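Below you'll find the structure, written out as structure tokens, and then a few comments.
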Protein chains: 2
Amino acid sequence: MSRKKEDGKETARAPSAKTGRKQPTSYDVARLAGVSQSAVSRAFSNNGYVSPEARKKITAAAVQLGFRPNALARGLITRRSRLVGVVVADLYYSFYVSILHQLSGALRASGFHALLFSIPSSENIDAMITDVLAYQVDGVIMSSARLSSRAPGLCRDAGVPVVTMNRIVDDSSISAVATDNRGAGRMVGEFLQAGGHRRFGFIAGLDDSSTSRDREAGFRDALAQAPAVAQGGFTYDGGHRAALDLMLGANPPDAIFCASDIMAMGALDALRFDLGLTPGEDVSVVGFNNAAEAAWRTYDLTSVTASAEELSQRAVEILAELIEDPDLAPQREFLPGQLVLRSSARMPENWPLDGGGNVAAAAGDIKDS
Amino acid sequence: MSRKKEDGKETARAPSAKTGRKQPTSYDVARLAGVSQSAVSRAFSNNGYVSPEARKKITAAAVQLGFRPNALARGLITRRSRLVGVVVADLYYSFYVSILHQLSGALRASGFHALLFSIPSSENIDAMITDVLAYQVDGVIMSSARLSSRAPGLCRDAGVPVVTMNRIVDDSSISAVATDNRGAGRMVGEFLQAGGHRRFGFIAGLDDSSTSRDREAGFRDALAQAPAVAQGGFTYDGGHRAALDLMLGANPPDAIFCASDIMAMGALDALRFDLGLTPGEDVSVVGFNNAAEAAWRTYDLTSVTASAEELSQRAVEILAELIEDPDLAPQREFLPGQLVLRSSARMPENWPLDGGGNVAAAAGDIKDS
DNA sequence: GATTGATATGCATTCGAATGCATATTCTCG
DNA sequence: CGAGAATATGCATTCGAATGCATATCAATC
């Protein structure tokens with residue numbers, strides 16, 4: 001309210017910040033408003049009866065004192081912290097970034113707050129779970145390519161609802177929201193065949209990644225003959241090398257589906273700069289995730305989009321339901337991917353085959369500063 | 001410990017998850033171990049005396065019951081939540097991503113946990129601060145290009161230490177850790193002049209962004225004549241347009257410094273595809289942040305690196321000190337940027353001028369899945 | 001043997017908000 | 001007017017761990 005303005009002397013002590021500053025409590029507000037602490041509590045938690053006048057006095061007193069309810073104390077007594085643990089590994093995977101942003105927003109909209117745990121490669125997840133649980137989180141959302149299938153079970157066993165996002169574990173008692181990777185792979189296969197391609201390549205991510213495996217499986221479902229496969233490890237360099245492997249091998253493909261956009265970009269650069277080919281004419285390339293960079297002129301990459309927003313929203317919705325009623329059956333939901341058409345892959349004459357599944361939309365803008 | 005294995009029936013109820021599962025408390029542990037609750041508390045908080053035997057019994061009992069101290073209750077009584085609010089806007093700015101990852105790790109290493117608030121453009125920051133404070137965070141780290149200068153003050157006035165990261169506000173009572181943007185801008189100016197360039201362009205970010213302003217100021221410091229300036233808004237498209245503006249204007253530059261890598265990539269694509277020029281030969285381009293994409297073949301962008309790791313670590317260190325002693329003077333620290341040399345800018349004959357400030361290092365890998 | 005200090009333990013209280021219960025007041029309607 | 005519901009308020013207790021204080025035990029020292 002009335003911070004003293006001081007001149008910019010920066011000697012030894014901070015300008016304001018009265019050391020012993022104590023937060024006002026509901027009792028302080030009650031005293032000032034001339035009511036009981038219960039009344040203050042009821043006013044702020046919107047539970048029980050509070051007369052209009054009392055509420056007015058309480059609000060005024062609260063504002064005057066700068067009172068805000070202590071979420072820790074509230075959580076202790078209600079046994080609801082309104083905290084949700086968000087566990088991600090590999091935050092540098094670009095797709096997880098938008099997930100995180102969307103997730104934070106969706107949680108807030110539902111009155112929750114995100115306790116973030118970004119797992120460094122070195123650390124073991126189980127130790128982190130301990131920390132997560134110590135904060136009495138109401139639920140946990142896990143999203144990570146390197147997620148041990150044990151981690152979600154640990155939470156579930158502690159009675160804390162879990163939803164895995166963009167990632168599924170074998171345990172069917174764990175709720176999950178993910179892109180329908182297999183269906184999307186199938187769609188890409190149909191798309192490339194409709195474009196007249198006949199020799200296919202697939203650039204895979206990591207061996208233990210279900211996303212990559214499922215995309216490949218769907219791709220195979222759709223194809224008349226099996227694709228050549230190379231490992232790209234989900235990196236630009238890996239995609240670059242994998243593309244060279246495929247193109248320099250016997251019977252090089254005329255269409256390549258990459259399990260991620262980053263690898264697709266590496267592949268595009270290999271085709272153009274190392275092999276002198278023109279993507280979209282000599283060879284078609286399709287990626288996955290519709291990363292922001294896919295829309296850049298250099299790449300103009302046809303890609304499957306998995307909406308981070310939609311995934312996040314569903315994950316939070318499902319988690320919120322599970323928190324409401326922990327006995328609810330686990331839900332596993334698979335959102336369809338959509339093909340974003342750009343110039344890196346030849347456009348079939350008649351597409352879509354059935355009227356749905358692809359969009360012309362652009363990727364979200366990406367910035368830095 | 002002994003979860004019943006059930007067959008995969010997924011009807012209406014979840015397989016395990018005994019509904020009323022209650023977390024064991026320190027009293028339960030005490031009873032089982034045959035000691036007092038105080039002893040259990042002392043054993044887990046490592047405060048006060050606990051005999052080796054007692055500790056052993058307590059540990060055994062705790063393991064048996066699956067006890068973990070309730071962080072909320074602990075925070076309530078100790079008045080230390082070990083939570084740190086991390087406020088970022090614009091999570092999609094790629095540089096903030098690595099900051100977030102590094103930050104989460106650094107906080108954990110210091111025994112803190114990150115309560116994440118990612119501000120959607122629509123929302124006002126002040127409302128969010130209320131939430132942050134309600135959780136009795138021990139401190140706040142703010143990092144955002146769209147950070148109102150009022151927000152840090154709100155926390156400080158509530159007695160909560162704040163450190164702004166990669167961003168500074170005018171108020172000198174707020175601690176900050178940032179790259180020495182002005183010094184880095186100067187370095188880029190010297191570098192480009194040493195490379196024999198004489199007509200300079202600068203692609204700016206946002207008007208109200210101190211990072212962009214400071215980089216420009218340093219750049220001007222170093223130059224004999226003022227650069228032409230265009231606005232790029234920190235986006236790829238913005239950089240693309242800005243580069244065209246500069247190059248198609250009167251007296252086009254032969255060297256362009258961009259306030260961020262994303263804009264630099266837009267600029268590079270404009271030069272190559274729209275104007276048919278060769279970066280590094282016809283025109284030199286330098287970016288800022290050393291984003292992962294800067295190392296990609298397509299761009300091979302010379303850029304200034306600001307280490308997210310170093311920034312994060314210092315921010316957490318400073319914050320931890322402030323939490324220890326809130327009366328400590330605010331610290332404002334500026335870490336030097338380093339030039340990462342690649343082919344997008346012509347290499348001067350004798351560089352570095354003074355032996356320091358540039359590195360050959362590559363950017364970290366980026367992945368997606 | 002008496003004194004001191006270090007070690008160990010438990011009791012009771014505390015943190016701040018929520019809530020069951022009892023009670024008081026007002027309103028509604030037969 | 002009186003019975004009963006709806007509204008309003010406060011008291012006392014509760015959540016779970018930490019800690020000041022009192023006390024107990026033991027070893028070292030004079």
Side-chain angles (χ1 to χ4, degrees), chain A residues 20-58 61-62 65-83 130-131 133-138 158-159, chain B residues 20-59 61-62 65-83 131 133-138 158-159:
Chain A
R21 160 115 51 169
K22 223 178 128 284
Q23 298 276 114
T25 75
S26 57
Y27 287 93
D28 300 326
V29 176
R31 199 175 315 119
L32 183 59
V35 298
S36 73
Q37 180 266 331
S38 324
V40 178
S41 169
R42 281 191 264 262
F44 275 88
S45 62
N46 283 320
N47 266 342
Y49 298 108
V50 185
S51 66
E53 320 118 80
R55 168 161 267 129
K56 222 174 104 183
K57 283 189 293 180
I58 290 170
L65 295 176
F67 166 78
R68 29 189 113 283
N70 182 322
L72 266 44
R74 173 178 283 175
L76 189 57
I77 190 77
T78 59
R79 306 172 154 289
R80 280 281 145 97
S81 64
R82 308 303 299 178
L83 289 175
T130 299
D131 272 19
L133 296 178
Y135 277 94
Q136 313 299 113
V137 294
D138 293 342
Chain B
R21 162 116 48 171
K22 222 178 128 283
Q23 297 276 113
T25 74
S26 58
Y27 286 93
D28 300 325
V29 175
R31 199 175 315 118
L32 183 60
V35 297
S36 74
Q37 180 266 333
S38 325
V40 178
S41 168
R42 282 191 265 262
F44 275 88
S45 62
N46 283 320
N47 266 342
Y49 299 108
V50 185
S51 66
E53 318 117 82
R55 169 161 267 130
K56 222 175 101 183
K57 285 188 294 182
I58 291 170
T59 309
L65 296 177
F67 167 78
R68 26 188 118 282
N70 182 322
L72 267 44
R74 174 179 283 174
L76 188 57
I77 190 78
T78 60
R79 307 172 152 289
R80 279 283 144 96
S81 65
R82 308 302 297 176
L83 290 175
D131 273 18
L133 296 178
Y135 277 93
Q136 314 299 113
V137 294
D138 293 342

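Everything numeric here is computed off the predicted structure, so don't read it as measured data. FYI, side chains are in, hydrogens and waters are out, and symmetry mates aren't considered; it's all heavy atoms of this structure.
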Between [X] and [N], is there a contact of a side-chain N or O with OP1 or OP2 at under 4.0 Å?
X: A:Ser38; N: C:dT19; value: no
X: B:Thr25; N: D:dC15; value: no
X: A:Tyr49; N: D:dT7; value: yes
X: A:Ser26; N: C:dA17; value: yes
X: A:Asn47; N: C:dT19; value: yes

Can you check the [X] [atom1] to [N] [atom2] distance for me, whole Å?
X: A:Gln37; N: D:dT13; atom1: CD; atom2: P; answer: 14 Å
X: A:Gln23; N: C:dT14; atom1: CD; atom2: P; answer: 21 Å
X: B:Leu72; N: D:dA17; atom1: CG; atom2: P; answer: 11 Å
X: B:Leu133; N: C:dA17; atom1: CG; atom2: C1'; answer: 17 Å
X: B:Arg82; N: D:dA17; atom1: CZ; atom2: P; answer: 18 Å
X: A:Asn46; N: C:dA18; atom1: CG; atom2: P; answer: 10 Å
X: B:Arg31; N: D:dA17; atom1: CZ; atom2: P; answer: 12 Å
X: B:Leu65; N: D:dG16; atom1: CG; atom2: P; answer: 14 Å

At what distance, to the nearest 0.5 angstrom, does [atom1] of [X] lie from [atom2] of [Y]?
X: A:Leu72; Y: A:Tyr135; atom1: CG; atom2: OH; result: 8.5 Å
X: A:Ile58; Y: A:Ser51; atom1: CD1; atom2: OG; result: 7.5 Å
X: B:Arg68; Y: B:Ser26; atom1: CZ; atom2: OG; result: 14.5 Å
X: A:Leu76; Y: A:Ser81; atom1: CG; atom2: OG; result: 11.0 Å

Can you work out whether A:Tyr27 or A:Gly34 has the more 5'-proximal nearest nucleotide on DNA chain D?
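Nearest-nucleotide comparison on DNA chain D picks A:Gly34.
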
Return the nearest nucleotide to the side chain of [X]; candidates are [options].
X: B:Ser36; options: D:dA17, C:dC11, C:dA17; value: C:dC11
X: A:Ser51; options: D:dG16, D:dA18, D:dA8; value: D:dA8
X: A:Ser41; options: D:dA6, C:dG16, C:dT19; value: C:dT19
X: A:Asn70; options: D:dG16, C:dA18, C:dG16; value: C:dG16
X: B:Leu76; options: C:dG16, D:dT9, C:dA17; value: C:dG16

At 4.0 Å (heavy atoms only), tell me whether B:Pro52 reaches a base, stays on the sugar-phosphate, or touches nothing.
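Sugar-phosphate: the residue B:Pro52, judged by heavy atoms under 4.0 Å, touches backbone atoms but no base.
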
Within the 4.0 Å heavy-atom criterion, would you say B:Val35 contacts the bases, only the backbone, or no part of the nucleic acid?
sugar-phosphate

Donor-acceptor pair present, B:Arg42 side chain and C:dG10 base, under 3.5 Å:
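Side chain to base: pair found, below 3.5 Å.
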
Without swapping roles, check the side chain of A:Arg55 against the backbone of A:Ala43 for a donor-acceptor pair under 3.5 Å.
yes

Under 3.5 Å: donor-acceptor pair, side chain of B:Ser41, backbone of B:Gln37:
no

If an axis is fit to five pairs at each end of the helix from C:dG1-D:dC30 to C:dG30-D:dC1, what is the angle between the two, to the nearest 10°?
40°

When the nearest nucleotide of DNA chain C is assigned to B:Arg79 and to B:Ala54 on a heavy-atom basis, which residue is associated with the more 5' position?
B:Ala54

Tell me every residue that passes side-chain hydrogen bond (donor to acceptor under 3.5 Å, both in side chains) with A:Gln136, counting only those two or more places apart in sequence or in another chain.
none

B:Asn70 side chain reached by B:Thr25 side chain, heavy atoms, under 4.5 Å:
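Not touching, per the 4.5 Å side-chain cut-off.
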
